[in-house]
Number of protein chains: 2
Amino acid sequence: MNTESKYKNKYDTCHLTYALNIIGGKWRLPILWTLHKHDILRYNQLKRSIEGITNMMLTQSLKDLEAYGIIHRKQYMEIPPRVEYSLTKDGKDLIPALIALAKWGKHINEKNKCD
Amino acid sequence: MNTESKYKNKYDTCHLTYALNIIGGKWRLPILWTLHKHDILRYNQLKRSIEGITNMMLTQSLKDLEAYGIIHRKQYMEIPPRVEYSLTKDGKDLIPALIALAKWGKHINEKNKCD
């Protein structure tokens with residue numbers, strides 16, 4: 001194996017690892033998936049959709065995903081204040097890869113019970 | 001949001017989480033990627049291709065991936081013994097999803113330096 005193939009290998013896995021770091025963690029995937037399924041959700045709707053998530057975890061995960069440019073936060077200047085979350089273009093671009101990965105995961109563990 | 005969509009959501013992310021658990025960990029991705037690039041490799045070739053991996057980590061990761069049915073281990077009855085590793089059909093099926101994820105990761109962090 002020459003130096004180039006080693007470098008190429010490292011280069012590829014770097015992007016992969018970067019992507020996995022973004023979507024890793026307990027709550028980020030459920031948040032992204034929920035926003036994919038429902039397009040736009042308010043904070044409380046998101047919280048109700050994701051069983052077991054605390055306010056602290058949801059707030060932090062939303063901030064992280066917003067910082068990566070994957071979700072969009074829109075605040076309406078109303079009383080009471082209204083905040084809506086949705087996937088950005090980059091967030092939507094991630095979905096096909098997640099679907100492919102989920103299909104593969106399903107195939108690998110066909111008999112795995114998920115509930 | 002009705003009960004069905006909640007369940008569906010949970011069901012989808014379960015497969016995703018399962019897939020991510022399989023490919024997670026520091027060394028599994030580099031191993032899978034290296035086998036994808038080189039088809040068949042002997043243990044020592046794998047070790048040389050993955051910078052920084054120890055024998056313990058490589059042996060354990062190979063065992064785990066073999067247990068999931070993602071890589072194939074073939075031992076030749078020779079002296080000295082020869083052992084070759086390759087991706088199984090299931091392992092190869094994972095590659096397109098990984099490529100899609102790596103492309104997305106690259107796009108998200110275009111300016112990230114990987115070395």
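Numbers restart at 1 for each chain; the letters A, B, ... are given by sequence-line order, proteins then strands.
If you measure heavy-atom distances from L20(B) to chain A, the contacts under 4.5 Å come from the side chain alone.
Contacts between residues 59-87 of chain B and chain A, counted as heavy-atom pairs separated by less than 4.5 Å, involve Y68(B), I70(B).
For the side chain to side chain contact (heavy atoms under 4.5 Å, CB included) criterion with W104(A), the lone passing option out of I95(B), I22(B), L98(B) is I22(B).
Using modelled atom types and a 3.5 Å distance limit, the side chains of H107(A) and D93(B) yield no donor-acceptor pair.
A19(B) and G105(A) get closest at one heavy-atom pair: CB-CA, 3.9 Å. Heavy-atom minimum distance, L16(A) versus A102(B): CG-CB, 3.8 Å.
Atom CD1 of I108(B) and atom NE2 of H15(A) lie 12.0 Å apart (nearest 0.5 Å). Between the SG atom of C14(B) and the CG atom of N109(A) there is a distance of 7.5 Å, given to the nearest 0.5 Å.
The side chain to side chain donor-acceptor pair (under 3.5 Å) test applied to N21(A) returns no partner, not counting sequence neighbours.
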